[in-house]
J.: 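Below is a structure I'd like to ask you about.
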Amino acid sequence: MHARDLAALRVPALGLGCMGMSDYYAPGDEADSLATIRRALDLGVTFLDTADAYGPFTNEELVGKAVAGRRDEVVLATKFGVERRPDGTQVGVNGRPDYVRSACEASLRRLGVDHIDLYYQHRVDPTVPVEETWGAMAELVAAGKVRHLGISEASPTTIRRAHAVHPITAGQYEYSLFTRDIEDEHLPVLRELGIGLVAYSPIGRGLLTGAFSTGQYGDRDFRRTAPRFQGENLAANLALVERVRALADAKGATPAQLALAWVLAQGPDVTAVPGTKRVHYLEENAAAADVTLTAGELAALDEAVPRDAVAGARYDEVRLTQVDI
């Protein structure tokens with residue numbers, strides 16, 4: 001697996017998003033999830049992404065169980081700030097310094113490790129100055145409990161304010177052929193400050209696999225109400241996927257591999273953490289790191305999926321009034 005540098009942190013070009021093994025999609029099987037994580041490590045997909053909010057809490061425990069005995073192979077990333085109760089109820093966003101400290105201790109315990117390689121502020125608390133949150137995060141680095149700091153879904157102004165307190169190693173944002181709005185303001189700021197980009201949902205939450213169809217999500221799957229997955233929006237988006245499929249067929253790749261190769265082609269400071277809970281899809285995704293796109297092929301993808309062609313918002317209005325994950 002090719003390596004990339006997120007500021008001073010070296011990671012594989014493709015990591016593994018573990019959220020869907022525990023939450024927000026169809027229920028996962030622990031044995032399958034453990035096998036997928038362990039196979040990822042065998043393939044060099046050693047950048048694992050989780051959060052205390054996933055489950056909640058159970059995803060960190062799952063990842064900790066999977067990496068036991070192999071900690072030195074792993075770049076372990078987790079997040080705090082989306083506060084949830086054990087029953088899954090969302091409390092809100094919490095960036096208070098005392099919460100930062102207690103959340104980190106709890107994550108270390110669940111993961112079964114003595115340090116976290118990359119610790120993200122999952123969402124920014126609008127009631128707490130980001131300088132206070134990041135002051136507490138910097139203390140975690142000084143104490144050796146965290147090696148690098150990251151931020152997720154923060155505005156460009158907030159990125160600058162947090163970076164002034166302690167260098168940000170990585171910004172995590174949704175980024176794919178279907179979600180490109182960070183190109184306007186966020187990505188230029190990240191690059192100006194030397195911050196790497198970690199792209200989550202790089203396959204469009206499954207749409208860009210080419211295998212998605214209507215009615216396949218269960219009661220716990222948040223896509224049941226996501227606008228991009230509804231009615232005419234879904235039909236329009238699946239038509240775009242068919243254009244990607246045609247280009248993938250010509251390349252001898254799958255649609256998911258082409259979509260991932262596109263993300264990686266956006267710069268050497270970009271890595272992606274596609275999520276899956278099955279070994280088959282993990283192996284398919286990992287192979288995308290070896291797919292090199294020519295300038296002509298990149299132009300063809302831009303023409304096949306124009307930025308304004310994707311129908312529907314990322315989240316429904318109800319979720320936007322709560323905390324989007």
Side-chain angles (χ1 to χ4, degrees), residues 1-6 8-25 27-82 102-122 137 140-141 143-150 152 169-170 172 196 198-200 202 271-287 289 325:
M1 178 60 64
H2 311 298
R4 301 231 162 157
D5 291 321
L6 304 175
L9 178 63
R10 175 152 286 196
V11 298
L14 288 172
L16 175 62
C18 300
M19 179 189 79
M21 297 175 180
S22 304
D23 214 350
Y24 295 103
Y25 293 96
D29 176 85
E30 181 175 297
D32 287 344
S33 296
L34 290 172
T36 299
I37 296 172
R38 290 165 179 160
R39 178 59 176 152
L41 303 188
D42 293 340
L43 293 172
V45 182
T46 55
F47 184 27
L48 303 181
D49 184 86
T50 182
D52 58 5
Y54 301 160
F57 316 126
T58 56
N59 197 243
E60 287 184 327
E61 294 171 349
L62 175 73
V63 171
K65 185 175 182 179
V67 305
R70 303 182 69 173
R71 175 65 180 97
D72 292 344
E73 302 174 45
V74 178
V75 178
L76 193 56
T78 192
K79 313 176 194 73
F80 77 92
V82 177
S102 63
C104 181
E105 292 294 342
S107 288
L108 289 169
R109 183 176 63 252
R110 286 188 291 266
L111 291 164
V113 299
D114 62 3
H115 72 276
I116 295 163
D117 296 302
L118 178 58
Y119 198 42
Y120 291 100
Q121 183 177 13
H122 202 164
M137 294 170 70
L140 297 174
V141 176
K145 296 177 180 181
V146 171
R147 298 285 172 82
H148 299 268
L149 300 181
S152 181
T169 293
Q172 187 174 108
V198 176
Y200 75 86
T271 188
V273 286
T276 183
K277 47 183 174 276
R278 295 183 176 84
V279 170
H280 169 74
Y281 293 121
L282 166 76
E283 293 174 341
E284 177 185 340
N285 292 343
I325 302 297

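For the numbers below, each heavy atom of this structure counts, side chains included, while hydrogens, waters and symmetry mates do not. For this chain, numbers begin at 1 and follow the sequence in order.
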J.: How long is the span from the CG atom in L140 to the NE2 atom in H115, to the nearest 0.5 Å?
T.: 13.5 Å
J.: Rounded to the nearest 0.5 Å, what's the gap from NE2 on H148 to CG on L9? Could you check?
T.: 4.5 Å
J.: Is a side-chain donor-acceptor pair under 3.5 Å present for Y119 with K145?
T.: no
J.: Kindly give the heavy-atom pair with the smallest separation between K277 and S33, and that separation in Å.
T.: CB-OG, 4.0 Å
J.: Which pair of non-hydrogen atoms, one from Y120 and one from A77, has the smallest distance, and what is that distance?
T.: CE1-CB, 3.9 Å
J.: Kindly compute the distance separating CD (E73) from CG (D42), expressed to the nearest 0.5 Å.
T.: 7.5 Å
J.: In this structure, which one of N59, L62, D49, D23 forms a side chain to side chain contact (heavy atoms under 4.5 Å, CB included) with C18?
T.: N59
J.: For T58 and S22, work out which heavy atoms get closest and say how close.
T.: OG1-CB, 3.8 Å
J.: Above 12 or not: heavy atoms from other molecules or residues under 6.0 Å from CZ of R39?
T.: yes
J.: Which residue is it: L282, D29, V45? I am looking for the one with a side chain to side chain contact (heavy atoms under 4.5 Å, CB included) to T36.
T.: L282
J.: Mind listing the closest non-hydrogen atom pair of E60 and D52 along with its distance?
T.: OE2-N, 3.5 Å
J.: Could you check whether any side-chain heavy atom of M19 comes within less than 4.5 Å of a side-chain heavy atom of Y200, counting everything from C-beta outward?
T.: no
J.: Does some side-chain heavy atom of R110 sit less than 4.5 Å from a side-chain heavy atom of T78?
T.: no
J.: Please identify which of these residues, I37, D32, L34, meets the side chain to side chain contact (heavy atoms under 4.5 Å, CB included) condition with M21.
T.: I37
J.: Which heavy atom in M1 sits nearest to a heavy atom in P12, and how many Å separate them?
T.: CG-CB, 3.3 Å
J.: So L108 and V113, side chain to side chain contact (heavy atoms under 4.5 Å, CB included) or not? Walk me through it.
T.: CA-CA 5 Å; L108 289 169; V113 299; 4.0 Å; yes
J.: Quick one, V146 and M137 - any side-chain contact, counting heavy atoms below 4.5 Å?
T.: no
J.: Applying salt bridge (charged side-chain N to carboxylate O under 4.0 Å, His left out), can you list everything that pairs with R38, at least two apart in sequence or on another chain?
T.: none
J.: If we check side chain to side chain contact (heavy atoms under 4.5 Å, CB included) with L16, which of these qualifies: T46, V273, T276?
T.: T276
J.: Where is the tightest heavy-atom contact between P274 and G15, given as atom of each residue plus distance?
T.: CD-O, 3.5 Å
J.: Can you tell me how far CD of E61 sits from OG1 of T50, rounded to the nearest 0.5 angstrom?
T.: 10.0 Å
J.: Please assess R71 against D117 for the test salt bridge (charged side-chain N to carboxylate O under 4.0 Å, His left out), listing each intermediate value before the final yes or no.
T.: CA-CA 11 Å; R71 175 65 180 97; D117 296 302; 3.0 Å; yes
J.: Nearest 0.5 Å, please: how far is NE2 in H280 from CG in N285?
T.: 9.5 Å
J.: Less than 4.5 Å apart, any side-chain heavy atom of F80 and any of Q121?
T.: yes
J.: In this structure, which one of D5, V11, L149, L118 forms a side chain to side chain contact (heavy atoms under 4.5 Å, CB included) with T169?
T.: L118
J.: So, do F47 and L6 sit near enough that their side-chain heavy atoms are less than 4.5 Å apart?
T.: yes
J.: Take a 6.0 Å sphere around OH of Y281 and say whether it holds more than 12 heavy atoms from other residues, nucleotides or ligands.
T.: no
